[in-house]
Amino acid sequence: MQRRFRLSRSEDFKRVRRTGKSYAHPLVVLVAQASESHKQIRIGVAAGKTSGTAVHRNRAKRLLREAIRPLIPSMTLRLAQDNTSGWDLILIARPALAGATLTDTRSALTNLLKRANLLPAVDESPG
RNA sequence: CAGGCUGGUCGGGCAGUCGCGGUCCUGCGUUGACGGGAUCGAGGAAAGUCCGCACUCCUAUAGAGCACGGCGUCGGAUAGCACCCGGGGCGGGGAAAUCCCAUCCCUCGCGGAUGGGAAAACCGCCGAUGAGGCGUGAACCUGCCGGAUAAGGGCCACAGAAACAGGUCGCUCCCUCCCCCCAUCCCCUCUCCCACCGGGAAAGGGGUGUAGGGGUGAGGGUAGUCAGAGUGAAAAGGUGGUGUAAGAGACCACCGGCGCGCGCAGUAAUGCGUGUGGCCAGGUAACCCCCGCCGGGAGCAAGGCCAAGCAGGAGCGAAUUCGUCUGUGGACGAUGGGAGGCUGCUCGUCUCCAUACGUACCGUUCCCAACCGUGGGAAUGGUCAGCUCCGGGUAGGCUGCAUCGAGCGGCGCGGCGACGCGCCGCCCAGAGAGAUGACUGCCCAGUGGCGCCUCGGCGCCAUGGACAGAAUGCGGCUUAUAGACCAGCCUGGGGU
RNA sequence: AGGCCAGUGGCUCAAUUGGCAGAGCACUCGUCUCCAAAACGAGCGGUUGUGGGUUCAAGUCCUACCUGGCCUG
């Protein structure tokens, strides 16, 4: 995931965390909010101190980025279908993510994105 | 072969696919939220932040004093360092294996577990060289380091007479008093001898007590003394003797410690030897303190630059008439005027202002009323178009900041070493919600299982790689770390 | 990045100049009660966060580490 698709501003994080809608999973938490200022998907990744030391925090964030990377084209397709505006997403790692594999994380993310109505429900093979 | 210690190196490798960040180059009928290529991309600790620096600001080549803090054996190394290197002193640790014995267990053997012990030689230490004693004695590792004579203060619980110094108990000496014993003297009784006036000897009892000797007890002393006094972590050198009224380093022999002098070794700390002196010299300075040395403070979220905006500050700053309506407070319109925007300037156009300053608004102080909110009065200060200049802090962008450095690698030389010098070669991560990841295959250590035999090797299968992620940089230290390899040293056993 | 503080029984806290680790609540047992509660009495419960050091002696002093919390911009 290239850097320009990432959420990086501190005020953006605050706004999404305050007004966005959240979806929880034992491995990860998704917070999503529609945005009118741009027409794309921006994704921020966070791992708190409860995730462990710096090694574990970095590993959790890499895992989340690698897991959501193949799901971005489906989401853009879905947004093109709805002709809606852009979306800001935040993925927050939970402590159990340290022992998870890539496939576990990817299925968890697919589940969350379908619940958030950000993936085409008909498409059963993402990526 | 088994085990130990120390030092050093590495910290999985190769290939493929997808993905991320930096730099450079590059493509275009589409200059894009576009594509392509090359190259580079975590560590020995990046960590903790315990020290020392570079660099930046305060703020100026941080210079002096005080306070405060840190450090403190000697020499060296270094830009610097308290922790680096090499010495010195004092202290602590130092497995197992081998042999023997005891007990227990079992698959009964040259078995295992636990506990205890270990000769000679050699070595180390104590002991004047010795005799003797102690030690299964190693390699090696590790903690600490100014001053408590001869600046001063504090503290040393409990116990103990006493915690550092005079005194207490005690031991002596002297004086006084009481008592006892002995000797002298006197008297009485009995026995024996000479012998018959009597004398002598011995035993027992009593009395006297002046002078004499000894002992016990009590009281007292400007007396001597610290040998002894159960305690305690610690009690003023140790052992033996001389000596004395009693004692004591008071004196003597040997030894221990400290100070001073000399000689030798060493740059020095210090060590060894020797002479001498007096034993007055308890511990604690990781208690205050004294001596010597060092330190200005803050930190890359330091600091610099940029655009916009805001708080705030300073300054400039114009003043006409006419008409209509009216509740006479004002409102509207016109004319010209003022300030500014658009522009390089003029014209033009647009916005705002205007006798507006008052029965306005905002504060402060005082008085009155009121339960409060508040209201009334007085005094006093400020504001009332707009523009110009200065101008923050935070957030944002650029920078500091990623190639020139206390830099890295190799070789050689010097040094025990930390390290230094010379030559050659190289440029080596740089983000900013924070890049180095994921998957697959093979190999390499390691572990487990199975099979084969020459009994420690081979083959197959499965499993499988720790601690940990740069954020201004660097040098030490500390802490975490699966394992692998190399070198040196030491102990024990076996073979030759 | 820098600075500061704390860690003591299950919980909340004391411990003066280094000198026998304590209090309240909780728990257990007993008295009281028909039974509880309350009250009263007794008891249990500690490697003072961990390691090393100084000292005769460490909760206290020094040092290294671990955990938790707070402050500044």
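Computed from heavy atoms alone, side chains included, the values below leave out hydrogens, waters and symmetry copies.
Side-chain nitrogen and oxygen atoms of A:R59 include at least one within less than 4.0 Å of the OP1 or OP2 phosphate oxygen of B:A438. Remark: A:R106 is not in phosphate contact with B:A438, judged by side-chain N or O atoms under 4.0 Å from OP1 or OP2. Close to B:G21, at under 4.0 Å from its OP1 or OP2, lies no side-chain N or O of A:R62.
Nucleotide B:A95: unpaired (no Watson-Crick or G-U wobble partner with both distances less than 3.5 Å). Nucleotide B:G459: paired with B:C450 (Watson-Crick or G-U wobble, both distances less than 3.5 Å). Partner assigned to B:C439 is B:G16, using Watson-Crick or G-U wobble distances below 3.5 angstrom. In this structure, B:C345 makes no Watson-Crick or G-U wobble pair, since no nucleotide meets both defining distances under 3.5 angstrom. Across every strand in view, B:A218 sits in a pair with B:U176 that passes the Watson-Crick or G-U test at under 3.5 angstrom. Base pairing of B:G375: its partner is B:C368, meeting the Watson-Crick or G-U wobble criterion (both donor-acceptor distances under 3.5 Å). Pairing for B:U129 is absent, with no Watson-Crick or G-U wobble pair whose two atom distances lie under 3.5 Å. Under the Watson-Crick or G-U wobble criterion, with both distances below 3.5 Å, B:G261 is paired with B:U274.
With values rounded to the nearest 0.5 angstrom, A:R42 atom CZ is found 10.0 Å from A:Q33 atom CD. Rounding to the nearest 0.5 Å gives a distance of 4.0 Å between CD1 of A:I43 and CD1 of A:I68.
Here, B:U324 and B:C361 have their P atoms 34 Å apart, quoted to the whole Å. Comparing the C1' positions of B:C192 and B:U210 gives an interatomic distance of 37 Å, to the nearest angstrom. Taking atom P on both C:G49 and C:G10, the two are 13 Å apart, rounded to the nearest angstrom. Spacing between B:A67 and B:C289 at atom P, rounded to whole Å, works out to 11 Å. The separation of B:C452 from B:C99, taken at their C1' atoms, amounts to 41 Å, rounded to a whole angstrom. Only the C1' atoms considered, B:C155 is 13 Å distant from C:U55, to the nearest whole Å. Comparing the C1' positions of B:G473 and B:A402 gives an interatomic distance of 10 Å, to the nearest angstrom. When the C1' atom is used for both B:U284 and C:G18, the distance is 12 Å, rounded to whole Å.
Annotation: side-chain contact (heavy atoms from CB on, under 4.5 Å) contacts of A:R57 (sequence neighbours excluded): A:A47, A:K49, A:S51, A:A54. Scored by the side-chain contact (heavy atoms from CB on, under 4.5 Å) test, A:N111 finds A:H25, A:R115 as partners (sequence neighbours excluded).
Here the side chain of A:R65 is nearest to one of B:A435, B:A433, B:G19, namely B:A435. The side chain of A:N58 approaches B:A42 more closely than any other nucleotide in the set B:A42, B:C18, B:A438.
Look at B:G44: its glycosidic torsion is within 90° of 0, and that puts it in the syn range. Applying the 90° criterion around 0 to the glycosidic angle, B:A42 comes out syn. Anti is the glycosidic conformation of B:G263, whose angle departs from 0 by more than 90°. In B:A435 the O4'-C1'-N dihedral to the base is more than 90° from 0, which defines an anti nucleotide. Nucleotide B:A95 carries a syn base; the chi torsion (O4'-C1'-N9-C4 or O4'-C1'-N1-C2) is within 90° of 0.
Side-chain contact between A:R94 and A:L27 is absent, with no heavy atoms from C-beta onward closer than 4.5 Å. Taking 4.5 Å as the limit, some side-chain heavy atom of A:I92 sits within range of a side-chain heavy atom of A:V31.
Look at CG on A:L64: it is 12 Å from P on B:G434, rounded to the nearest Å. When rounded to the nearest whole Å, the span between CG of A:L63 and P of B:U436 equals 12 Å. Atom-to-atom, CZ of A:R69 to C1' of B:A435 comes out at 15 Å; the value is rounded to the nearest Å.
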Chi angles and distances behind the side-chain contact (heavy atoms from CB on, under 4.5 Å) call for A:L91, A:L30: CA-CA 5 Å; A:L91 304 176; A:L30 169 73; 3.5 Å; yes
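Residue A:R57 is classed as having no contact, given no heavy-atom separation below 4.0 Å to the nucleic acid.
In terms of position along RNA chain B, the nucleotide closest to A:K61 lies nearer the 5' end than the nucleotide closest to the other residue of the pair A:K61 and A:H56.
A:A24 and A:L112 get closest at one heavy-atom pair: O-CD2, 3.7 Å. A:E66 approaches A:R106 most closely through the heavy-atom pair O-NH2, 3.1 Å.
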Watson-Crick and G-U pairing of RNA chain C written in dot-bracket, each distance under 3.5 angstrom, with | for inter-strand partners: (((((((..((((.....[..)))).(((((.......))))).....(((((..]....)))))))))))).
